[in-house]
There are 8 protein chains.
Amino acid sequence: MDVAIAGGGPAGLTAAKYLSTAGKKVVLFERKLSVGGGMWGGGMAFPVIVVRNDSKHILEEVQISVKDEGNGYYSADSIEAVTKLCSSAIDAGARVFNMISVEDVLLKGKKVNGFVINWSAIEIAKLHVDPISIRANYCIDATGHVAEICNIVRRKVGSLNTPSGDLEKERSMCAEMGERTVVENTKEVYPGLVVAGMGANAVYGAPRMGPIFGGMLLSGKRAAELILKKL
Amino acid sequence: MDVAIAGGGPAGLTAAKYLSTAGKKVVLFERKLSVGGGMWGGGMAFPVIVVRNDSKHILEEVQISVKDEGNGYYSADSIEAVTKLCSSAIDAGARVFNMISVEDVLLKGKKVNGFVINWSAIEIAKLHVDPISIRANYCIDATGHVAEICNIVRRKVGSLNTPSGDLEKERSMCAEMGERTVVENTKEVYPGLVVAGMGANAVYGAPRMGPIFGGMLLSGKRAAELILKKL
Amino acid sequence: MDVAIAGGGPAGLTAAKYLSTAGKKVVLFERKLSVGGGMWGGGMAFPVIVVRNDSKHILEEVQISVKDEGNGYYSADSIEAVTKLCSSAIDAGARVFNMISVEDVLLKGKKVNGFVINWSAIEIAKLHVDPISIRANYCIDATGHVAEICNIVRRKVGSLNTPSGDLEKERSMCAEMGERTVVENTKEVYPGLVVAGMGANAVYGAPRMGPIFGGMLLSGKRAAELILKKL
Amino acid sequence: MDVAIAGGGPAGLTAAKYLSTAGKKVVLFERKLSVGGGMWGGGMAFPVIVVRNDSKHILEEVQISVKDEGNGYYSADSIEAVTKLCSSAIDAGARVFNMISVEDVLLKGKKVNGFVINWSAIEIAKLHVDPISIRANYCIDATGHVAEICNIVRRKVGSLNTPSGDLEKERSMCAEMGERTVVENTKEVYPGLVVAGMGANAVYGAPRMGPIFGGMLLSGKRAAELILKKL
Amino acid sequence: MDVAIAGGGPAGLTAAKYLSTAGKKVVLFERKLSVGGGMWGGGMAFPVIVVRNDSKHILEEVQISVKDEGNGYYSADSIEAVTKLCSSAIDAGARVFNMISVEDVLLKGKKVNGFVINWSAIEIAKLHVDPISIRANYCIDATGHVAEICNIVRRKVGSLNTPSGDLEKERSMCAEMGERTVVENTKEVYPGLVVAGMGANAVYGAPRMGPIFGGMLLSGKRAAELILKKL
Amino acid sequence: MDVAIAGGGPAGLTAAKYLSTAGKKVVLFERKLSVGGGMWGGGMAFPVIVVRNDSKHILEEVQISVKDEGNGYYSADSIEAVTKLCSSAIDAGARVFNMISVEDVLLKGKKVNGFVINWSAIEIAKLHVDPISIRANYCIDATGHVAEICNIVRRKVGSLNTPSGDLEKERSMCAEMGERTVVENTKEVYPGLVVAGMGANAVYGAPRMGPIFGGMLLSGKRAAELILKKL
Amino acid sequence: MDVAIAGGGPAGLTAAKYLSTAGKKVVLFERKLSVGGGMWGGGMAFPVIVVRNDSKHILEEVQISVKDEGNGYYSADSIEAVTKLCSSAIDAGARVFNMISVEDVLLKGKKVNGFVINWSAIEIAKLHVDPISIRANYCIDATGHVAEICNIVRRKVGSLNTPSGDLEKERSMCAEMGERTVVENTKEVYPGLVVAGMGANAVYGAPRMGPIFGGMLLSGKRAAELILKKL
Amino acid sequence: MDVAIAGGGPAGLTAAKYLSTAGKKVVLFERKLSVGGGMWGGGMAFPVIVVRNDSKHILEEVQISVKDEGNGYYSADSIEAVTKLCSSAIDAGARVFNMISVEDVLLKGKKVNGFVINWSAIEIAKLHVDPISIRANYCIDATGHVAEICNIVRRKVGSLNTPSGDLEKERSMCAEMGERTVVENTKEVYPGLVVAGMGANAVYGAPRMGPIFGGMLLSGKRAAELILKKL
């Protein structure tokens with residue numbers, strides 16, 4: 001396996017698509033029955049997503065219809081967006097597994113080199129059943145606001161590749177900057193582990209915001225680019 | 001609205017696609033955040049669906065990769081199947097709404113002519129909030145095993161278009177026949193209301209079985225054909 | 001006590017207002033912390049109610065702003081409607097108790113002559129604590145779709161004042177008729193017990209529908225008129 | 001929008017009324033189906049509120065019947081108080097939305113300039129659906145003991161306009177002082193954000209007490225006055 | 001064992017006291033941690049019970065203070081009543097076990113001759129653990145409104161010693177009669193099984209009412225007398 | 001597969017052991033994480049089982065220590081009993097799968113010829129995931145009191161091989177007979193389906209009793225013998 | 001009111017009895033429906049309590065039968081113990097209220113002078129209803145291991161009358177010393193507030209142990225003696 | 001009692017077997033109905049365990065079938081492993097109690113000398129019932145990842161026999177080392193208390209990993225050896 005991705009929301013699916021397109025062997029694990037994360041719900045349950053000019057091409061590349069709303073904003077059907085992002089990743093060769101939880105990471109020396117996984121049904125049912133492990137050259141934490149994988153690694157290794165070496169506190173910031181920061185915060189936080197999507201903001205202390213789907217798409221793309229430089 | 005569909009599983013999505021392709025105005029209401037129903041989970045959580053020769057073309061028409069397993073059986077990735085069925089319906093013009101529950105039907109004289117809908121979040125949260133109604137020339141009950149809409153109509157009108165006028169009891173039957181019967185049972189059970197998918201078997205007393213996704217696809221297609229003859 | 005009312009939704013509050021205005025001693029018991037029932041939520045959580053010409057005056061009599069929507073329909077703010085209906089009943093002299101459940105009725109000979117009440121917190125907390133009883137010349141069941149009080153009486157006395165002597169089944173009916181029937185079904189279903197609001201439809205088998213707040217207001221007014229003729 | 005208020009209890013409704021009366025555009029978001037907060041329940045579920053001379057006028061201005069209990073104390077029906085406070089705010093022009101949760105604030109530079117809102121049904125149903133944001137010149141945190149909005153801002157900006165810059169600890173204090181302090185503590189705790197009602201005591205470390213509805217009414221009025229000086 | 005009693009509410013405790021006083025070996029099983037049943041809560045959570053002249057002596061025999069309320073009614077502290085009824089039964093020699101559920105009866109030929117018991121903690125914890133059985137010459141069902149033991153026997157033997165041979169429907173009846181009927185209905189409903197307390201009304205179809213503690217005390221005493229004639 | 005067994009309690013494990021010992025290919029599906037069913041808990045949570053002379057040999061054949069308690073009764077450690085019964089079945093060649101639910105049966109003509117199974121974690125987690133089916137010449141319903149499989153077949157085929165063709169009602173019967181009847185009731189209730197253990201009593205209307213582990217062991221053995229005559 | 005007691009377990013009931021016997025006006029608030037606390041359950045659900053010589057007289061003074069178990073240990077029926085302790089307190093004049101929660105304390109200057117109470121049903125039902133306050137010269141915290149009242153005071157005033165001024169950590173200690181320490185730790189932890197029963201150990205850091213009912217009785221008696229010296 | 005063991009997973013059962021075989025009086029308390037812990041579930045619910053050469057003999061000594069998987073790895077049926085480990089411990093003389101929770105330890109001077117136990121059903125049912133205590137010369141904490149007993153002792157005595165005197169933080173480490181460390185970490189962490197199984201890693205800060213059943217078996221054996229040297 002070249003890359004293992006935890007989380008099948010917009011950032012994880014986008015990363016999967018670009019990495020697979022580049023010929024890498026990619027597997028994506030989604031905890032729920034369905035992929036797509038928060039994108040299904042659009043904003044406040046109206047199934048529409050709004051993106052800016054800089055991420056519009058990611059939608060258009062996978063044939064999602066985009067409507068110009070003026071002022072550099074574009075809208076799309078959130079259900080169309082989820083389904084086409086996902087099928088484009090599969091078409092590019094990514095292997096998507098649903099109902100699988102990433103419980104832990106494999107650490108080899110000072111590098112993350114895989115995930116420890118289990119059926120999420122077992123987690124929900126609170127059965128006492130042990131997980132198994134799978135190896136990958138690179139891992140992406142696209143689990144969202146909670147940044148679960150980054151938290152696990154931080155707890156185990158004591159220090160991440162962040163300014164303080166730790167998870168940052170949420171900072172005060174103008175809301176408009178949220179989308180830009182989620183892309184900038186997409187980084188290799190520990191050797192072998194790249195954080196993408198809202199988890200990137202959570203790790204680097206940027207504000208939690210309303211739907212900034214454009215930022216998540218760009219973050220997924222950036223995570224793919226970072227890894228492609230290394231592999 | 002020409003056709004309103006309750007339930008976004010494989011039968012509902014397939015019906016939506018064929019009806020929209022034929023130029024009808026279609027709206028589909030799905031109770032959950034994501035469409036796809038039981039198809040995401042494949043069989044026993046392995047994300048693979050198996051269909052027979054007669055339904056393979058429905059998958060292929062929407063560019064789902066199909067693998068020949070011999071003996072007239074074909075397999076596909078269940079996640080690819082869900083996402084491509086859904087995006088093909090949207091591409092054909094269907095309007096898909098998630099997080100909406102169909103609570104009741106509108107009855108005008110002796111015909112179903114619409115749905116009474118509400119946010120499913122309100123149902124889950126058990127808030128006391130009334131629904132609103134929407135009109136449609138034809139309605140499809142694709143809610144699955146429970147056949148919720150058929151049950152509502154039966155309770156209200158006293159008699160359905162079934163052999164006994166009532167919901168039938170589950171009959172003893174060879175398992176192989178299940179897939180065929182789900183297609184045959186796809187009928188207009190009351191003026192204005194067509195039942196499709198596993199609900200068709202539930203109404204006509206055919207056995208509940210394991211994954212017969214092929215039957216559900218064919219049932220969705222047949223429901224579309226039945227309505228197209230009338231509209 | 002002249003009249004005891006179970007349920008503080010629109011029908012119960014309206015009945016309380018007209019009965020108090022006519023000089024009767026009225027007490028209303030509401031199970032929840034707040035009165036208003038389903039009216040707070042308007043239709044599908046948009047806080048607006050829509051009524052027809054025949055019930056508009058009930059809103060206007062209590063200074064609720066009404067907007068003409070054309071075709072004989074009028075809209076109002078649902079929150080304004082609840083609060084003004086309630087305060088008008090209190091201003092007229094009705095005594096409103098919240099957090100009280102009506103658990104049973106008092107029967108004297110062949111007449112309902114009061115309620116058996118308890119704290120609803122005790123019900124929710126599932127504590128084993130007995131209720132107490134209060135007497136009233138007339139009782140109104142304004143508990144809504146469930147028609148709890150009518151069900152209790154039916155179970156105890158064996159027969160109600162309905163066509164079959166029993167609770168009727170839900171009938172097939174044009175949706176537009178629902179609002180009219182809720183008023184017609186407002187009757188003395190057993191000596192001493194008048195049913196009002198959606199419970200009236202539930203007892204007489206009319207369809208459960210979306211928000212027909214106008215019907216509920218008229219039903220509450222009719223319940224008051226029926227009782228005023230008797231007292 | 002001039003002012004956005006989070007929380008529809010007595011302080012929030014009173015603030016809404018005075019601000020609207022002064023001609024400001026006001027919107028109030030209440031998480032529950034009904035406004036009124038703890039005032040419905042009076043003291044220990046007996047639906048009566050007791051206020052002192054200094055807040056009596058707020059009740060009388062909206063035609064709530066007040067009974068002299070001697071020693072400078074006055075009682076009123078708690079249900080009448082809730083419904084008339086709310087309808088007076090609506091009559092003055094305030095727009096009240098129920099079933100809406102304030103999840104976060106908008107920060108622009110060093111000023112709160114709006115709320116991030118969602119359907120509370122979505123929160124209760126634990127659906128993964130993103131919120132949207134709305135702008136306002138001033139915001140009021142009237143969410144009560146929890147002071148949710150102040151907590152969010154404190155976490156994000158690091159320092160509030162309190163003696164310690166932080167949320168204060170609950171202090172020892174004579175109970176009679178509670179009512180006075182809730183008014184004194186009604187302040188602009190961060191540019192653009194005024195705290196009112198019991199949240200004011202929670203932020204400034206005054207004791208949590210039994211029902212001091214008079215204090216809450218005065219606090220709501222003071223919050224309105226503070227903002228009117230600025231706008 | 002001479003007599004086994006299921007249920008430690010007022011009827012069960014009273015029966016235990018009179019049977020033990022008469023020299024019988026008595027064991028009482030109470031499902032909860034504490035005995036006393038609904039008597040702790042008095043009426044609507046005010047800890048007072050009200051009885052009539054005919055049952056006053058049962059309270060006075062165990063030194064419970066009784067206050068004359070006029071019109072043949074007497075009140076007592078409900079907590080004093082529970083604790084003294086229980087300790088008088090223990091002083092008389094009864095053995096009281098709490099936290100034990102009676103799951104079933106032993107049937108020998110056409111007679112109830114014991115109970116099948118288990119820890120109620122096991123029931124609550126839903127553990128799969130089998131019960132054990134204990135024998136007794138006579139059994140009393142003092143489980144209250146639900147009349148659990150009578151229901152079990154009815155299901156197993158097909159017919160009880162009631163007018164219809166079955167459990168009766170709740171009848172219409174003047175509330176004042178409830179207390180008298182609970183005593184009259186205290187009978188041997190099947191060989192070896194006497195029903196006492198509110199269960200007696202439940203079996204014979206008398207109305208469920210508010211607190212009629214006097215009737216329950218008399219019913220417990222009568223159950224004891226019926227059994228003493230047989231043993 | 002020769003025989004598929006649903007339920008890994010004492011009857012199912014005993015049947016598995018005798019069938020495997022006779023050379024049949026046996027698979028046993030247990031819903032829980034651990035096999036053993038109610039035998040772990042002994043009687044009322046004291047980990048001891050008591051059997052009579054006629055079933056003692058089944059324990060002794062698998063080296064379970066048995067203590068003579070007199071009067072033809074023998075006791076054993078319930079934990080030793082579960083673990084040795086299970087390991088003896090595995091040693092004999094049976095394949096035991098835990099955490100698997102039997103959701104339905106396969107019917108071919110008028111014969112049960114397999115089970116429809118799923119992960120029980122998926123059932124508990126209430127995920128919408130379809131089952132798969134497995135074939136077997138004979139099936140045993142050892143699911144206990146609920147007799148789940150028999151109920152499914154009864155619902156589907158309309159008639160079982162019982163005196164009434166239906167599930168029988170619980171009959172009145174001397175408790176001592178319970179153990180004997182569970183063995184006598186071990187029968188082929190429908191072609192291809194044998195019921196064993198407490199389910200046998202449930203189907204044929206014998207009483208539900210306390211721990212009669214001896215009867216369950218003998219029932220499991222008898223089920224094996226019945227099938228061995230046919231295969 | 002002279003003394004208000006929070007908690008009706010063995011320590012609270014014993015304190016109530018001695019204070020009332022000495023002529024003080026005592027009120028005891030118990031959160032549950034029944035008083036008695038953990039004493040009902042004896043040890044590990046066997047309804048027996050074991051005490052030593054030093055506390056035996058407290059049982060004997062209220063006519064509880066005591067059995068000499070040798071070595072200075074005595075046993076009693078736990079149900080008899082609860083009921084007689086409680087009725088002796090009531091006979092001595094104490095007023096016991098069940099189903100009442102103590103939510104907070106009243107602080108006047110630097111002294112606890114009363115409790116803030118509410119219906120516990122309202123707490124359980126999570127209704128938003130405010131409490132009321134009652135005054136008393138002395139208060140006893142007999143709420144058990146949690147020492148709720150002491151915790152509230154500590155949080156509000158910053159310092160208790162303990163060695164560190166704070167709640168102490170649990171210390172290592174020989175189990176036999178637990179009973180002695182619970183008596184020694186019975187102290188006035190803040191002016192106006194005495195802690196009794198297991199809460200005394202919790203505040204002073206003594207170990208949590210198995211049933212030491214003798215210590216709790218002695219602690220209740222000591223709390224009474226401490227207060228009688230002051231009043 | 002020589003040794004008391006908390007937890008009946010693979011480490012606890014193995015320790016029980018070796019200690020009993022050496023002639024010690026051993027009692028093992030398991031909280032659940034069944035022993036075996038996580039071993040029933042194998043890896044990700046496939047009932048297979050994989051061990052290395054160094055622990056294979058522990059399986060073979062109790063007649064568990066072992067299959068050579070190459071590279072020094074061996075597999076076994078997880079259900080066979082649980083049942084044979086347990087029955088071998090019982091055959092060796094260990095007394096196993098299920099459904100018992102260890103709530104606390106007995107401390108005498110500076111040594112653990114027993115457990116404080118209760119029915120786990122009482123814990124689950126949240127009944128207020130006190131535990132009892134049992135003495136043992138040595139205690140083993142085999143409760144798994146949570147290391148409950150070690151945590152209790154740490155809280156009470158302030159310092160454990162670990163490098164820091166406290167529970168260690170989880171360290172970064174190559175996954176392959178986990179199995180070895182669980183054996184090395186099996187130590188007497190406080191006089192009288194040995195930790196075994198995954199709890200050993202939890203106390204000493206080694207990583208939490210997937211199924212390392214071999215390590216748990218060896219850890220149980222080592223715990224037995226450590227104690228045998230002392231007793």
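Bear in mind that the values here come from a model prediction, so they are computed numbers and not experimental data. Sequence lines set the chain letters: A, B, ... in the order given, protein chains first and strands last, and positions in each chain run from 1.
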Non-hydrogen atoms of G:Met44 and H:Asn118 that approach each other most closely:
CG-OD1, 3.3 Å

If I take atom NE2 from residue H:His128 and atom NE2 from residue G:His145, how far apart are they, to the nearest 0.5 angstrom?
6.0 Å

When rounded to the nearest 0.5 angstrom, what is the spacing between CD1 in H:Ile132 and CZ in G:Phe46?
7.5 Å

For H:Ile100, which atoms come within 4.5 Å of any heavy atom of chain G: side chain, backbone, both, or neither?
side chain

More than 12 heavy atoms of other residues, nucleotides or ligands under 6.0 Å from NZ of H:Lys111: is that the case?
yes

Distance-minimising heavy-atom pair for H:Ile122 and G:Ala45:
CD1-CB, 3.7 Å

Less than 4.5 Å to any heavy atom of chain G: does that hold for the side chain of H:Leu127, its backbone, both, or neither?
neither

